[in-house]
Amino acid sequence: MIIDPLGRRFKNLRVSLTAACNYACTYCVPDGKKLQALSAELSEAELIYAVRLLIDAGGVDKLRITGGEPLISKKFDALLGSLRDLSLKDIAITTNGQFLKKKLPVILDAQVSRINVSLDTLDASAFRSIARSGDLATVLEGIEEALAANLKVKVNCVPIRTSNIDELLPILEYCLDRNIELRYIELMNMGHLKHNQLYEQEFIGMDEILDKIGRKYEYYKIDAPIDSTSLRFEIPDYGRFGIIANESEPFCRTCTRLRLSSNGQIFGCLSNSKAFSIRQLLDKPYPIAITELQSILKSAMQLKQRLAFTGETTVMKFIGG
């Protein structure tokens, strides 16, 4: 197990199945262009071996499947079945929900613990404007069917000043009515927004979010796991919500996350574009691969920010949400 001077270790692994996505969200993709999938994605067998190595070399015990959009990957179905045989405490999925209804039987059969669905608005026109693709009604139908199947659902919403500032309460109430925990995610200073004045113009911070909620509801802060990225709040008699306040209240000092991109790159920190390829390890015998991977993970750990998220030009869809 690798532990740094702050006591941080790698526990949570984000695995990007693909850099491809059926959306081109304004805060993720520049200029409205859908970035192409990386040409050298890991195979299903390579991904499984990589995850196994990261469990054993780094002490990872929680895994989240991300993308791009993981549900469009041809590896999705088989990978989920294979993950059940690994020593993981928790397996979760982040999706835009467009194909959730179609893939729900696969998700349920794999005994996935929970899913997070990205949903920035309940207005169909605004939805198309932000995502530049997709259909809101299909996403909402997928959420309803997942809930009916007793799958634990969370919703992720990125507040954007010129796109959905008037939707922050409606989305909260949509979630409260369905016992879904909503997570507001502060706009991240990543990709094309880095070094761009548009970031400052569009950013909505935690204080403003709480102010809007507080005008209608009383709320109080509740405990969250020490390595949680989310600050959690309770609205008595209604439910809970969270805010991932990467700018307003950084969580870097307790971060336990590690990311594996679809082309075999390890990222220790979102605030650093430096990556370490583990592709060459995937053809090596297990004992050799483990030894070499531990050295890579030590280097990746050293890249973690000590105090606060500073952002990076790396496009988020390439390294997993």
*asked:* Listing request: all salt bridge (Lys or Arg N to Asp or Glu O under 4.0 Å) pairs with a residue in residues 112-124, at least two apart in sequence or in separate chains.
replied: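 For residues 112-124: D90-R114.
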
Side chains of [Y] and [X]: any donor to acceptor distance under 3.5 Å?
X	Y	answer
T256	N12	yes
Y49	E44	no
T95	E69	yes
S16	R259	no

_Under the side-chain contact (heavy atoms from CB on, under 4.5 Å) test, residues paired with L63 that sit two or more places apart_ =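 L13, V15, V51, I65, L83, L88, I91.
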
_I need the full list of ring pair (Phe, Tyr, Trp, His ring centres under 6.0 Å) pairs touching residues 144-187, with sequence neighbours left out, sorted by first then second residue._
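Sorted pair list comes back empty.
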
*Qualifying ring pair (Phe, Tyr, Trp, His ring centres under 6.0 Å) pairs, either residue in residues 88-132, two or more places apart*: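 For residues 88-132, and leaving out neighbouring residues, the ring pair (Phe, Tyr, Trp, His ring centres under 6.0 Å) pairs sorted by first residue read Y23-F127.
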
Acceptor/donor pairs from residues 144-154 side chains to any protein atom, 3.5 angstrom cut, sequence neighbours excluded:
unit_1, atom_1, unit_2, atom_2, d
E144, OE2, R178, NE, 2.6
E144, OE2, R178, NH2, 3.4

_Residues in salt bridge (Lys or Arg N to Asp or Glu O under 4.0 Å) contact with K75, at least two apart in sequence or another chain_ = E41

*Quick one: which of T138, I107, I93, V139 gives a side chain to side chain contact (heavy atoms under 4.5 Å, CB included) with L100?*
I107

_For the CD1 atom of I180 and the CD1 atom of I143, what is their distance to the nearest 0.5 Å?_
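I180 atom CD1 to I143 atom CD1 measures 5.5 Å (nearest 0.5 Å).
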
